Novice: 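Here it is, the structure, as structure tokens.
From a predicted model like this one, the values you see are computed outputs, not experimental measurements.
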Amino acid sequence: MNGWLLDTNVIAEVSGAKPDRKVARWIAFQPEHRLFLSILTIAEYQKGIHHLPPGDKRRPRLQQSVVALEARFSGRVLSVSDQIALRWGTISGEVKRLTGHPPSVIDTLLAATAIEHNLYLATRNTAHVANSGALVFNPWSDDPAHFPL
């Protein structure tokens, strides 16, 4: 494995005022060059910001947080390529066949991204990607020693 693709819920946790100690400790011990984001995470933050009313006083602060996040992950924000989109289609079809329910689009796109880039997917949403084929790590509960880089 080449590193970790961080789901939005992991970034949100460690960016919060009182992050979970286990998650904060885990991420603090990771070499920065092994941490990756999907452009979908940036898009989820933009969605949240633009869901707020135009005059909301939180908008400028949140937008600055996104700029800081993009700067921190410069060169490590992964796009959704043709190969990722095709893998997503396969994952989505197989998960729906196996479970009878369509999977979350964002979560399965993150799983496809992790697979294509040989990364662990770090997420709290393990059930959403359980049948995706991605190697999933839950920093709230999993032992990082079982996930060697």
Novice: Within the side chain of S65, is there an N or O that forms a donor-acceptor pair under 3.5 Å with the backbone of R61?
Specialist: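 Looks like yes, one N/O pair under 3.5 Å.
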
Novice: Compare all side-chain heavy atoms of T123 with those of N138 and state whether any distance is below 4.5 angstrom.
Specialist: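 Answer no - side chains too far apart.
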
Novice: Run the salt-bridge test on D20 and K22 with the 4.0 Å N-O cut-off and return the result as yes or no.
Specialist: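 Salt bridge: no.
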
Novice: Report the distance from atom CG of L5 to atom CG of N118, rounding to the nearest 0.5 Å.
Specialist: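 The CG atom of N118 is 12.0 Å from CG of L5, to the nearest 0.5 Å.
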
Novice: Counting only N and O atoms by type, is there a donor-acceptor contact under 3.5 Å from the side chain of T99 to the main-chain atoms of H101?
Specialist: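 Yes, T99 side chain to H101 backbone: donor-acceptor pair under 3.5 Å.
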
Novice: Keeping R76 on the side-chain end and L35 on the backbone end, is there a donor-acceptor pair under 3.5 Å?
Specialist: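 It does hold such a pair.
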
Novice: Could you tell me which non-hydrogen atom of P148 sits nearest to which non-hydrogen atom of A145, and how far apart they are?
Specialist: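 It is CD-O, 4.3 Å.
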
Novice: In the single-linkage hydrophobic clustering (I, L, V, M, F, W, Y; side-chain heavy atoms under 4.5 Å), do L119 and L86 co-cluster?
Specialist: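 No, separate clusters.
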
Novice: With a 4.5 Å limit on heavy-atom distance, are the side chains of I91 and N131 in contact?
Specialist: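 Side chain of I91 against side chain of N131, heavy atoms only: no contact under 4.5 Å found.
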
Novice: Give, for atom CD of Q30 and atom CG of L149, the distance between the pair rounded to the nearest 0.5 Å.
Specialist: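 Going from the CD atom of Q30 to the CG atom of L149 covers 6.5 Å.
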
Novice: Could you tell me which non-hydrogen atom of S132 sits nearest to which non-hydrogen atom of I115, and how far apart they are?
Specialist: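 Shortest heavy-atom contact: O-CD1, 3.6 Å.
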
Novice: Let me see the working for L121 and L135 under side chain to side chain contact (heavy atoms under 4.5 Å, CB included), right down to the final yes or no.
Specialist: CA-CA 6 Å; L121 176 57; L135 295 177; over 6 Å; no

Novice: As a quick check of understanding, evaluate side chain to side chain contact (heavy atoms under 4.5 Å, CB included) for I39 and L78, giving each step before the final call.
Specialist: CA-CA 6 Å; I39 190 62; L78 305 174; over 6 Å; no

Novice: What's the shortest heavy-atom distance between R124 and W140, and which atoms?
Specialist: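 In this case the closest contact between R124 and W140 is NH2-CD1, 3.2 Å.
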
Novice: For a 4.5 angstrom cut-off between non-hydrogen side-chain atoms, does D7 reach F137?
Specialist: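 No, their side chains stay 4.5 Å or more apart.
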
Novice: Is the shortest side-chain heavy-atom distance between W4 and W26 below 4.5 Å?
Specialist: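 Side chain of W4 against side chain of W26, heavy atoms only: contact under 4.5 Å found.
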
Novice: Could you measure the distance from the CZ atom of R59 to the NE2 atom of H50? Nearest 0.5 Å is fine.
Specialist: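 Atom-to-atom, R59:CZ and H50:NE2 are 5.5 Å apart.
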
Novice: Dump the intermediate steps for side chain to side chain contact (heavy atoms under 4.5 Å, CB included) on H117 and I84, then the final yes or no.
Specialist: CA-CA 9 Å; H117 289 278; I84 290 168; 3.9 Å; yes

Novice: Which Ile, Leu, Val, Met, Phe, Trp or Tyr residues join F29 in one cluster when any pair of side-chain heavy atoms under 4.5 Å counts as a link?
Specialist: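 Once heavy-atom contacts under 4.5 Å are chained together, F29 still belongs with nothing else.
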
Novice: Closest approach of P103 and V95, non-hydrogen atoms and distance?
Specialist: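 Looking at all heavy atoms of both residues, the shortest contact is CB-CG1, 3.7 Å.
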
Novice: Evaluate whether atom CH2 of W88 has more than 12 neighbouring non-hydrogen atoms of other residues, nucleotides or ligands under 6.0 angstrom away.
Specialist: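 At most 12 heavy atoms, drawn from other residues, nucleotides or ligands, come within 6.0 Å of this atom.
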
Novice: Can you measure from NE2 (H128) to CD1 (I106) and round to the nearest 0.5 angstrom?
Specialist: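 H128 atom NE2 to I106 atom CD1 measures 12.5 Å (nearest 0.5 Å).
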
Novice: So, does Y120 use its side chain to make a donor-acceptor pair with the main chain of N2 at under 3.5 Å?
Specialist: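 Such a contact is absent between Y120 side chain and N2 backbone.
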
Novice: Mind listing the closest non-hydrogen atom pair of I11 and S15 along with its distance?
Specialist: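 Closest pair (atom of I11, atom of S15, distance): O-OG, 2.7 Å.
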
Novice: So do the side chains of L62 and Y45 get within less than 4.5 Å of each other, counting heavy atoms only?
Specialist: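 Not in contact.
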
Novice: Could you pull out the closest heavy-atom pair between V136 and F147, with the gap in Å?
Specialist: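 Residues V136 and F147, closest heavy atoms: O-CE2, 3.3 Å.
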
Novice: Is there a chain of hydrophobic side chains (I, L, V, M, F, W, Y, each step under 4.5 Å between heavy atoms) that links L98 to V129?
Specialist: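 Different clusters.
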
Novice: Dump the intermediate steps for side chain to side chain contact (heavy atoms under 4.5 Å, CB included) on M1 and R34, then the final yes or no.
Specialist: CA-CA 10 Å; M1 290 304 193; R34 299 278 188 157; over 6 Å; no

Novice: Could you grab the distance from atom CG of N125 to atom CG of D107, nearest 0.5 Å is fine?
Specialist: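 Rounded to the nearest 0.5 Å, the CG-CG separation comes out at 5.0 Å.
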
Novice: Counting heavy atoms not belonging to D143, are there more than 12 under 6.0 Å from its CG?
Specialist: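 Atom CG in D143 is packed in, count exceeds 12.
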
Novice: Within a strict 4.5 Å, meaning less than it, do heavy atoms of the V77 and S38 side chains meet?
Specialist: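 Answer no - side chains too far apart.
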
Novice: I'd like to know if L40 and V105 are part of one continuous hydrophobic network [Ile/Leu/Val/Met/Phe/Trp/Tyr, side-chain heavy atoms within less than 4.5 Å].
Specialist: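 Yes, one cluster joins them.
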
Novice: Check the side chains of T41 and T8 for a donor-acceptor pair under 3.5 angstrom, ignoring hydrogens and angles.
Specialist: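 Yes.
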
